[in-house]
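Counting starts at 1 for both ligands and their atoms, in listed order. Only this structure's heavy atoms are used, side chains among them; waters, hydrogens and symmetry mates stay out.
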Amino acid sequence: MTDSTQRPDPGRAEPTRRRVTATAVRLALGAHRRALAATLLLAAVEATGPIAAAWLTKQLVDRLTGAGSGTGAAGSVAGSVTAPAAALAVIGVVLALVPYVDGLCQGVLSRAVALTAQDRLFAAVNAHPGLGLYEDPARLDRLRLAQQSGQDTPVQLVQCALIVLRSGWTLAGFAVVLAAVSPVLAGLVLLGAVPKLLAELRLAHSTARAFRGITAGERRESFFSTLLGGETAAKEIRLFGIGDLLRQRMLAERRAVNRIRHRLDVQRLSANALPTLLASGIAGGGLLWAAGRVSAGALTVGDLSVFLAAVASVQGGLGSAVTAVANGNQHLLVFAEYVTVVEDGARSAPGRRTAGPLRDRLVLEDVWFRYAPDLPWVLRGVSLTVRAGESVGLVGVNGAGKSTLVKLLCRFYEPDRGRILWDGTDLREFTPESLRDRLSVVFQDFVSYEMTAAENIALGDPARPAKAPDGTPGTRVVEAAREAGVHPVLAALPAGYDTMLTRGFFGEHDRDSGVVLSGGQWQRVALARALLRTDRDLFVLDEPTSGLDPQAQAEVADVIRGMGRGRTRLLVSHRLSEVRAADRIVLLDGGAVTEDGPHEELMGLPDSRYAALFRRQAAGFLDDQEPEPEVAR
Ligand SMILES: Nc1ncnc2c1ncn2[C@@H]1O[C@H](COP(=O)(O)OP(=O)(O)OP(=O)(O)O)[C@@H](O)[C@H]1O
């Protein structure tokens, strides 16, 4: 298969650490500069606060104990401690408030970053012109990881960077103080953090690898939970009694994910146990040593208080910095998935020319196609010419490749061999957007959007307004609905065209419950959506009447015949009566065109498979005793 996007090259280099970091920083900067600046400022305040507090505490203790001055008169002591005590109080208040203000700023920043990241990610996903992205489990896992990491990773990276900066600042301040008391101890405390740093860096890699397994499991779990929690499968789940089975499958996936997470927690514990013991031993030994020096009179009580604060802060700061570096590293590894998906989307710009109106013919030249190299060929040398303005009925048994051919015409995939020519130009040369702008297609598996009736139709041509200036549905929407024979149904809904066609969501403006249309009514809505594009060059209708009752089928068949009259039309149908009026019928069999001609001509051929199928279907309608034949199925 060739997806019309460039398929990811398995050997392609992962984005470099520097590029990933730059993308995260740009994302944070572009999302909310002021919140980012405020966060940086608050980090500086948080970093400086403890150093100032430790220094002021030493001043206070020394003045209270009379150390250094040798005086201890009550009046002068009270006077000399006022300033450091007041300053300490102010610092206390500031440090108590900072986390809340910081929380506010980080909230603003993370929401802005998440919004921007989501916007860029889905812009990139939309830029994929083909469907290959949705049929490749590895790419889907990557997309989910990108979704998760894009939301919070940039902010977490900023936070990690802030922690490193803050810790560095605190460390520098206290290291100076600690070195003044004992350079040896300062060196030991710093050295004690090295094993922890190495352990955390090793963990970051295995955590990032484990996230791939977690993502795949969570995606499968979410498939089952969506089935269980949604309406789509509710009927079959109850009828077949498969709720418990699906629940068990969901829980099995969750348990597998939990096991991976638990393994990670155990790894973290075992990797950190020894380095943490080492650091604590150094802190304890240092404390005993410093206490001994105070009793010997070599250090003041104030010195001891600074020393205690320094040891705690240096170890705490080093610990946070090491964890932040390791976490940052892990976030970068995961964020690389986001960068890959975004860049993958940005790169996929196949074809540069703009498709013009179809004036002469559409030609399929020996088209071969399969969905993947390990899957069988679906099309094995299809050659077909459709003249502009001609209507062609495409028939064939289930799995013959009719819908596949439609997807190739839309350039969701590209032929593995052969070409499709639009007035002599290979479809690959056109931008997918310009080509699709020339088409109006109703897919066999059309979408029922959980939106209002008017929106469901207007989506067919988003360039034109869905509503008139007075708020009523646009005339084109109503005309299309009328033509598709669904206007009376939509007009009679509780809020007319503004009624939500779902019972799963409320509308934008009111909380009236929506409605559920029947399958056939939905099919007409989908037709109306296509009818909004009557000015397009090629109409493709893939089984447009499959859900309709006989009366509706006849009516819709008339609509289809009139639809896009004078334009090129391709109608895929199992109901041969519907395609008989086409200028030509094309039978797809065994991956190739085996019959091609007007209905009468094919009916006159002695060995025509189409004729046999048509007669069999017609006989089924005429003979009440026979079940309706599975014509062309
Ligand atoms: N996305 C896909 N990935 C892999 N194989 C696919 C995919 N879509 C279709 N196929 C396979 O391609 C073959 C042709 O399918 P296609 O839907 O084109 O047939 P069809 O003629 O439209 O059938 P029907 O009459 O049942 O709609 C089938 O064997 C199907 O299993």
Side-chain angles (χ1 to χ4, degrees), residues 1-5 7-8 125 128-141 143 223 364 367-384 386 392-418 420 427 432 439 441-447 519 522-523 526-527 530 538-548 553 560 569-580 582 585-596 609-610 612-614 616-617 620 628-633:
M1 169 186 75
T2 313
D3 176 11
S4 65
T5 56
R7 294 214 74 189
V125 170
H128 278 271
L131 302 181
L133 174 66
Y134 306 98
E135 295 169 354
D136 178 348
R139 288 170 94 185
L140 285 173
D141 286 346
L143 175 60
F223 163 71
L364 283 89
V367 170
W368 287 70
F369 178 78
R370 60 184 165 188
Y371 282 94
D374 55 341
L375 290 178
W377 290 104
V378 176
L379 303 181
R380 299 160 169 271
V382 171
S383 293
L384 176 68
V386 181
V392 172
L394 186 63
V395 299
V397 295
N398 281 136
K402 305 178 294 294
S403 300
T404 302
L405 201 143
V406 170
K407 287 189 262 182
L408 291 184
L409 287 177
C410 299
R411 246 196 102 188
F412 294 140
Y413 306 100
E414 281 164 13
D416 291 296
R417 293 185 218 156
I420 304 179
L427 293 192
L439 313 179
V441 185
V442 179
F443 294 105
Q444 192 175 17
D445 51 352
F446 63 83
V447 181
W522 265 120
Q523 205 143 16
L527 265 178
L538 177 63
F539 272 77
V540 183
L541 302 167
D542 193 353
E543 291 287 341
T545 63
S546 58
L548 302 181
Q553 258 174 47
I560 291 168
R569 280 164 291 163
L570 186 67
L571 172 62
V572 180
S573 184
H574 288 293
R575 295 198 164 87
L576 302 187
S577 57
E578 258 170 41
V579 293
R580 66 176 290 178
I585 315 282
V586 170
L587 178 77
L588 213 52
D589 193 7
V593 173
T594 52
E595 292 178 28
D596 183 350
R609 188 159 153 71
Y610 168 78
L613 292 170
F614 189 88
R616 202 172 146 209
Q617 190 169 58
E628 186 173 333
E630 300 255 307
V631 174
R633 281 178 189 265

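- Against a heavy-atom cut-off of under 4.0 Å, Gln444 is close to the following atoms of ligand 1: 27 (O).
- For the atom pair NZ of Lys402 and CG of Leu587, the computed distance is 9.0 Å after rounding to the nearest 0.5 Å.
- Ligand 1 has no N or O atom lying under 3.5 Å from any N or O atom of Val378, backbone or side chain.
- Looking at Tyr371, Phe369, Trp377 and measuring to atom 11 (C) of ligand 1, the nearest heavy atom belongs to Tyr371.
- In the vicinity of Val397, heavy-atom distances shorter than 4.0 Å reach the ligand 1 atoms 21 (O).
- Proximity of His574 to Asn398: side-chain heavy atoms (C-beta onward) are separated by under 4.5 Å at one or more points.
- Within ligand 1, counting atoms from 1 as listed, the ones closer than 4.0 Å to a heavy atom of Thr404 are 14 (C), 15 (O), 16 (P), 18 (O).
- Per-residue contacts place His574 under 4.0 angstrom from the following atoms of ligand 1 (heavy atoms of the residue considered): 25 (O).
- Checking only distances, Gly396 never comes within under 3.5 Å of ligand 1, N or O to N or O.
- The shortest heavy-atom distance from Lys407 to ligand 1 is under 4.0 Å.
- Considering only non-hydrogen atoms, atom 26 (O) of ligand 1 lies nearest to Asn398 out of Asn398, Asp445, Leu394, Val572.
- Residues Tyr134 and Val125 form a side-chain contact, since some pair of their non-hydrogen atoms from C-beta on lies under 4.5 Å apart.
- Residues Arg609 and Thr594 have side chains not in contact (no heavy-atom distance under 4.5 Å, counting atoms from C-beta outward).
- Under the 30°/60° scheme for interplanar angles, the aromatic rings of Phe369 and Tyr413 are found to be tilted.
- The closest side-chain heavy-atom distance from Leu439 to Leu409 is not below 4.5 Å.
- The heavy atom nearest to atom 28 (C) of ligand 1, considering only Ser573, Gly399, Ala400, is found in Gly399.
- A perpendicular orientation is assigned to the rings of Trp368 and Trp377, their planes being inclined by more than 60° (bins at 30° and 60°).
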I would like to know whether Leu364 and Leu405 meet side-chain contact (heavy atoms from CB on, under 4.5 Å); could you show each step before the answer?
CA-CA 10 Å; Leu364 283 89; Leu405 201 143; 4.1 Å; yes
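- In this structure, Val406 has no heavy atom closer than 4.0 Å to ligand 1.
- Considering backbone and side-chain N/O atoms, Leu375 never comes within less than 3.5 Å of an N/O atom of ligand 1.
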